[in-house]
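Positions are given from 1, in the same order as the sequence printed here. Computed from heavy atoms alone, side chains included, the values below leave out hydrogens, waters and symmetry copies.
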Amino acid sequence: MAASPLPPGNTVQQWNAIAENTVVGSGAFQAEGFIYMGYVSAAVYDAVVSIEGGYAPYGAVIPAAPGASADAAAVEAAYRTLIYYFPGQAMTLEGFYIDALALIPDGASKTAGLAVGLAAATNIISLRAGDGLRTPIGVTSSFPTLAPGAGVWRLTPPAFAAPQTPWVGDVRPFILQSADQFLPDPPPSLQSTEWAEAFSQIKTYGEASSIARTPEQTAIGRFWSANVVRQYNRLAREVAEDRDLGLLQTARLIAMVDTVGADALISCLFAKYHYLFWRPVTAIDPTAVTADGFGPVPGYDDGNPATLEQVGWRPLLATPNHPEYPAAHGAISSAMAEVFSTFLGKQRINLHIHGFDAAGPAGNLSAVSQFEMANDLRNEIIYARLWAGLHYHFSSIAGVVLGRNVAKYNLRQAFRPLN
């Protein structure tokens, strides 16, 4: 069987697409996926920057012989990192590797570049050893629980699936000092006006059969059900293509996307399993629970006379199998808004992001939305998750603040010019 052709773009773009397909194709959940993408992107960045210079490496500086090929270094770093973490994909990856190396002329430059790439991959693998990554892909884990009661998270319909990757919150961040460095304040009291207003808002606009939500709002809610690993890595490749970026700047942007994205989601998962706050479907319909070991059947009323529960209420989109607060899409999208605005040097980012089109097949990214300003993206994700019936308004705001804080810190610490 002939090997698949290399993806389009420069060498870094090609191997970012290969990594994306490998990671997403493995079945990795989105927060988990960003961790794997971070490994690869950090290795590629270190390999390229060690040859081309100008910026601080993520890890260690790799000595490079004069004239070493940055293309060869990028190929080797990506390939060696991917086969280490995904040995089951070795045959497919080897085909891409052979094809990629065939495009680089043999000689001392290529040989020196390969040495740099191998050293960069080896260094990242060593640096990240024992970081808390759990295998196999998608595995759940134990976590401290709270006493059953109103406000406490329960498994959610329709699948009542096991808690999604709690261990991600315990993974050592790529750049942050700790996963709780920017821990949000607790969610509002169930007796507060803020809670009652958020409850009523999502009950009205997030219901599957809502008549208050417009068709445009429904489409936006569905748009953001796309895989964020694919959305933001594709966006990085397209920015590189549109601005004709060379290997170094492409590698730098992609490393920023994936390491900042990983840290934003590590921080978010830590907060989710720290607060263990209940999802809208559980709060609005106390009967929407099963014998899950986290509380009785049926569940709890919030005890607030200003809220009115509704048996049978279901969200527009199926609720993901992890706790509510803060919103992960808010965290990752806000972090990405900061990454792209920082990289481009302006808040007017004018980016086109691909998302899910409900008229197309499952998993597609056929719809496209334009975001002129970084805060336009942040604002849309807050309301998109409300209209989807997945997150209270305050949860998405907390996620947006968390993601921006993580990104701002990380980008002050890493990928900076040397002068």
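Looking at Arg404 and Ser334, their side chains never bring a donor and an acceptor atom within 3.5 Å of each other. Asn364 and Asp357 form no side-chain donor-acceptor contact under 3.5 Å, judged by distance and modelled atom types alone. Asn123 and Tyr58 share no side-chain donor-acceptor pair at under 3.5 Å. A donor-acceptor pair shorter than 3.5 Å cannot be found between the side chains of Asp71 and Ser69.
Applying the salt bridge (Lys or Arg N to Asp or Glu O under 4.0 Å) test to pairs two or more places apart or on separate chains, those with a residue in residues 370-393 are Glu338-Arg378, Arg348-Glu372.
In this structure, Thr140 contributes its side chain and Thr165 its backbone to no donor-acceptor pair below 3.5 Å. Side-chain N or O atoms of Thr290 include none that pairs as donor or acceptor with a backbone N or O of Asp292 at under 3.5 Å. When atom types are taken as modelled, the side chain of Ser192 and the backbone of Ser189 share a donor-acceptor pair closer than 3.5 angstrom. Looking only at distances, a side-chain donor or acceptor of Asn21 sits under 3.5 Å from a matching main-chain atom of Ala17. A donor-acceptor contact shorter than 3.5 Å links the side chain of Asn10 to the backbone of Gln13. Judged by distance alone, with hydrogens and angles left aside, the side-chain atoms of Ser341 form a donor-acceptor pair with the main-chain N or O of Ala337 at under 3.5 Å. Counting only distance, with no hydrogens or angles, the side chain of Gln14 and the backbone of Gly9 share a donor-acceptor pair below 3.5 Å. At least one donor-acceptor pair closer than 3.5 Å links the side chain of Trp313 to the backbone N or O of Lys203. With Arg243 contributing its side chain and Leu344 its backbone, the two residues share no donor-acceptor pair below 3.5 Å. A donor-acceptor pair under 3.5 Å links the side-chain atoms of Asp263 to the main chain of Phe174, judged by distance alone.
For the side-chain contact (heavy atoms from CB on, under 4.5 Å) criterion with Thr122, the lone passing option out of Ile124, Leu118, Ile125 is Leu118.
Between Tyr392 and Trp278, some side-chain heavy-atom pair lies under the 4.5 Å cut-off. Within the 4.5 Å cutoff, no side-chain heavy atoms of Met37 are placed close to those of Ile254.
Note that NZ of Lys346 and CE of Met373 are 10.5 Å apart. Values are rounded to the nearest 0.5 Å. The CG atom of Asn410 sits 4.5 Å away from the CG atom of Leu176 when rounded to the nearest 0.5 Å. With values rounded to the nearest 0.5 angstrom, Glu194 atom CD is found 15.0 Å from Phe199 atom CZ. Within the model, atoms OH of Tyr325 and OH of Tyr275 stand 6.0 Å from one another, a figure rounded to the nearest 0.5 Å. Between the CH2 atom in Trp224 and the CZ atom in Phe356 there is a gap of 14.5 Å [rounded to 0.5 Å]. Ser267 contributes atom OG, which lies 9.5 Å from atom CG of Asn405 (distance to the nearest 0.5 angstrom).
Ring-centre distance between Phe270 and Phe182: not below the 6.0 Å cut-off. Annotation: Tyr45 is in aromatic contact with Phe415 [ring centroid separation under 6.0 Å]. His393 and Tyr383 have their aromatic ring centers within a separation under 6.0 angstrom. For Tyr97 and Tyr79, the gap between ring centers is short of 6.0 Å.
When all heavy atoms of Glu309 and Ala283 are compared, the pair lying nearest together is CG-O, 3.6 Å. The two residues Glu52 and Ala70 make their nearest non-hydrogen contact at OE2-CB, 3.7 Å. Scanning all heavy atoms of the two residues, the minimum distance from Ala358 to Arg222 falls at CB-CD, 3.6 Å. Minimum heavy-atom separation, Pro315 to Leu390: CB-CD2, 4.5 Å. Heavy-atom minimum distance, Gly138 versus Glu32: N-OE2, 3.0 Å.
Counting heavy atoms of neighbouring residues, nucleotides and ligands inside a 6.0 Å radius, atom CD1 of Ile211 does not exceed 12 of them. Atom CD of Gln370 is surrounded by more than 12 heavy atoms from other residues, nucleotides or ligands within 6.0 Å.
Between Phe143 and Phe294, the two ring planes are parallel [angle under 30°; tilted spans 30° to 60°].
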